[in-house]
Amino acid sequence: MDKYLCTENDKLTLVSFQISKEIAAAGKCFTEGEFFKKCMMIAVSELCPEKRGIFENVSLSHMTVQRRIADISTNLSDQLKQRVSEFCYYSLAMEESTDLKDTARLLIFIRGIDKNFEITEEFVGMCSMTGHTTGKEISNEVIKCMNDKLGLDFTNLVAICTDGAPAMCGKNVGAVTLLEEFIGRQIIKHHCIIHQPVLCSKVLKFEHVMSVVVSIVNYIRSRGLKHRTFQAFLEGVDAECSDLIYHTEVRWLSRGRVLRHFVALKEEVAKFLENGPIKFPELENESWNQDLFFFCDITAHLNYLNIKLQDKNQLIFQMCAAVKAFKMKLKLFRSQLSKGEMYHFPTCAQHIPQHKHAELGEKYAKHINLLIEEFDRRLTLSKEEDVQLKLIEDPFSVDPEDVPLDLQLEVTELQCSAVYRNKHRASSLWDFYKSLDNEKYKNLIEVALKMFSIFGSTYICEQAFSIMNKIKQHSSLTDNHLEDIMKISTSDMTPEYNKLVAEKRYTISH
């Protein structure tokens, strides 16, 4: 890098860019100590230890940092425009939420793929909607954002993944429907695969359990003295967990963690509360405790699925396969519970006497059946969708007669190739499809490119909202500055520091 940095001023400019990027990428404000430590680490690495004093000359005023962040954001946008021009196909993920200022923020992400099967997932833009948030307003913002920020039309748009809100997915005036009308053709539109199991879990009517658990946790933790006394009590009895944790309804994994900690400390909680002014008779109720143990176990299974679906770099058919496997597990659970077997429900097996397994197993099998029905209603693919996903995941296992007509001959020929069969087993799907003959398997490659470009969930939007909410004083930032910070903090691309420094050198010299 030194050959691009002609002067000491260039090095100082580079350091100011890197520090500004760290500030934005952190998604939060540093404390003074953290900020100084971070700055010194970057400065020393770039300017050499013997020149630590030069650090004092690095311009890091609020306005300088703001300009540096804006320059880095513009550079990342320019890089994204270049990549977008090389996309064969792309898809969008979008979600709308309201911040602390009651401003509706629409976040848009793009996932594109080029001819080399290189996938890019990047933040496109944040649209602040101060008026209505109907499907029409959202669709207009999406069109404007794609045109203004990327100069991109919708020719190669394959799919849109949303949070399933009526304004997004409404049949007649939802944003996606209106976008289809604007484009003039149908696209794949689907509800976030991670969000749907969360909605399915709501058929489990265990509010009588959760409400009591939340009340007890709040009673102990919301009072400082009582909370400290409780922690000291746990330390004194050498409890399995050191504390209870709060329940947050909007966080998908919160309920499972709360229940797990509560069950682990149930005896200690009961003993701590027995002489208190407020009584919770449910703690001594056998039926309520049994429901608590079952709810803890089934929520743990749902959380395991949720975490699995959050893995990075997943393709949509891998996520669908995980959901399909979970549905099969539920059928196994239903069958075993109806026979009184609780091996896969360890909390129940540990706390419920053996002689009651058959009776309670029959009861809880009915709850599992409700969950199965809800999963089937929300997460069952059509035959055509199932075949298309299987085709790309494993083209050697599908019946050529089941695939579209323009793919039948290609699939037949592929299945007869021992070389490609071995490549499919030994390499990743990316490498496998990159190895196919572009002429011989042209249509199959096109379908693979489309499927690889599809967002399986809006989890990337959820992460971005989480980052935004952690930014201190984000409500006092301008929309443009907040968007710049969001772009830097969510991007996987590296800023072109050499180019940025050179531009600053040119600006100064002129």
Side-chain angles (χ1 to χ4, degrees), residues 193-214 216-217 239-269 282-283 287-311 319 321-354 356-357 360-375 378-379 457 459 462:
I193 294 177
I194 297 179
H195 192 211
Q196 291 190 72
V198 178
L199 295 177
C200 290
S201 68
K202 293 186 181 297
V203 301
L204 297 172
K205 303 298 183 181
F206 282 80
E207 286 84 359
H208 66 291
V209 171
M210 203 65 210
S211 61
V212 174
V213 171
V214 170
I216 293 174
V217 172
E240 182 178 342
C241 297
S242 60
D243 202 356
L244 297 171
I245 58 176
Y246 278 119
H247 173 54
T248 306
E249 185 64 36
V250 295
R251 296 193 177 183
W252 297 337
L253 304 179
S254 174
R255 185 170 60 183
R257 295 177 65 239
V258 170
L259 289 169
R260 187 173 70 250
H261 278 70
F262 186 85
V263 169
L265 296 174
K266 192 178 76 67
E267 292 183 6
E268 288 82 358
V269 168
E282 291 86 357
L283 292 174
S287 177
W288 185 88
N289 277 280
Q290 292 164 352
D291 287 350
L292 169 67
F293 301 142
F294 170 76
F295 195 43
C296 180
D297 282 333
I298 192 60
T299 302
H301 286 301
L302 287 163
N303 279 3
Y304 176 78
L305 171 64
N306 196 295
I307 293 171
K308 193 172 183 180
L309 292 174
Q310 292 178 20
D311 287 345
M319 299 180 75
V323 172
K324 186 176 182 179
F326 186 75
K327 288 165 68 175
M328 294 177 67
K329 290 179 183 178
L330 288 177
K331 292 177 181 178
L332 176 66
F333 296 159
R334 179 180 61 186
S335 174
Q336 292 184 340
L337 284 173
S338 62
K339 299 174 185 176
E341 298 173 6
M342 293 188 172
Y343 177 81
H344 297 293
F345 292 79
T347 309
C348 290
Q350 178 183 352
H351 295 282
I352 296 177
Q354 180 71 36
K356 293 196 173 183
H357 283 191
L360 294 174
E362 194 70 38
K363 171 186 173 182
Y364 296 132
K366 294 178 181 178
H367 290 284
I368 297 294
N369 191 60
L370 289 175
L371 200 53
I372 292 171
E373 291 175 354
E374 191 65 12
F375 265 82
R378 288 183 176 274
L379 289 156
S457 75
Y459 183 60
E462 296 285 344

- Task: Hey, could you give me each pair passing side chain to side chain donor-acceptor pair (under 3.5 Å) that has a residue in residues 363-375? Not counting sequence neighbours.
- Result: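 Pairs touching residues 363-375 that pass the test: Asp291-Lys363, Asp291-Tyr364, Arg334-Asn369, Asn369-Glu373, Glu374-Arg377, Glu374-Arg378.
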
- Message: Run the side chain to side chain contact (heavy atoms under 4.5 Å, CB included) test on Met342 and Leu360 for me, step by step, so that the C-alpha distance in whole Å, both residues' side-chain angles and the decisive distance to 0.1 Å come before the verdict.
- Response: CA-CA 10 Å; Met342 293 188 172; Leu360 294 174; 4.1 Å; yes

What pair of heavy atoms forms the shortest contact from [X] to [Y], and how long is it?
{"X": "Leu283", "Y": "Asn289", "answer": "O-ND2, 3.0 Å"}
{"X": "Leu379", "Y": "Cys200", "answer": "CD1-SG, 4.3 Å"}
{"X": "Phe375", "Y": "Pro197", "answer": "CZ-CB, 3.8 Å"}
{"X": "Trp288", "Y": "Glu282", "answer": "CE3-O, 3.3 Å"}
{"X": "Ala322", "Y": "Leu309", "answer": "CB-CD2, 3.9 Å"}
{"X": "Ser457", "Y": "Met319", "answer": "CB-CE, 3.9 Å"}

- Message: According to side-chain hydrogen bond (donor to acceptor under 3.5 Å, both in side chains), who are the partners of Lys339, at least two apart in sequence or on a separate chain?
- Response: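 Scan of Lys339 (side-chain hydrogen bond (donor to acceptor under 3.5 Å, both in side chains), adjacent residues dropped) gives none.
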
- Thr347: side-chain hydrogen bond (donor to acceptor under 3.5 Å, both in side chains) partners, not counting sequence neighbours: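 By the side-chain hydrogen bond (donor to acceptor under 3.5 Å, both in side chains) rule, Thr347 matches Asp297.
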
Working to the nearest 0.5 Å, report the span between [atom1] of [X] and [atom2] of [Y].
{"X": "Leu305", "Y": "Ile193", "atom1": "CG", "atom2": "CD1", "result": "10.5 Å"}
{"X": "Leu371", "Y": "Lys202", "atom1": "CG", "atom2": "NZ", "result": "13.0 Å"}
{"X": "Phe295", "Y": "Lys205", "atom1": "CZ", "atom2": "NZ", "result": "11.0 Å"}

- Task: For Lys327, enumerate each residue passing the salt bridge (Lys or Arg N to Asp or Glu O under 4.0 Å) test, keeping only those at least two apart in sequence or located in another chain.
- Result: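 Expected list: Asp376.
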
- Query: Residues in salt bridge (Lys or Arg N to Asp or Glu O under 4.0 Å) with Lys331, at least two apart?
  - Reply: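 Testing Lys331 for salt bridge (Lys or Arg N to Asp or Glu O under 4.0 Å), a comparison that skips the adjacent residues, returns none.
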
- Should Leu204 and Leu302 count as side-chain neighbours, where that means a heavy-atom distance under 4.5 Å?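 Counting from C-beta outward, Leu204 and Leu302 do come under 4.5 Å.
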
- Message: For Gln290 and Lys356: C-alpha separation, side-chain torsions, deciding distance, then whether side chain to side chain contact (heavy atoms under 4.5 Å, CB included) applies.
- Response: CA-CA 10 Å; Gln290 292 164 352; Lys356 293 196 173 183; 3.9 Å; yes

- Message: Using the ring-ring contact (aromatic ring centres under 6.0 Å, His included) criterion, which residues pair with Phe345? Sequence neighbours excluded.
- Response: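 Testing Phe345 for ring-ring contact (aromatic ring centres under 6.0 Å, His included), a comparison that skips the adjacent residues, returns Phe294, His301, Phe333.
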
- Task: For the pair Ser335 (side chain) and Leu332 (backbone), establish whether a donor and an acceptor sit closer than 3.5 Å, ignoring hydrogens and angles.
- Result: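 The answer is no, because no donor-acceptor pair under 3.5 Å joins these two groups.
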
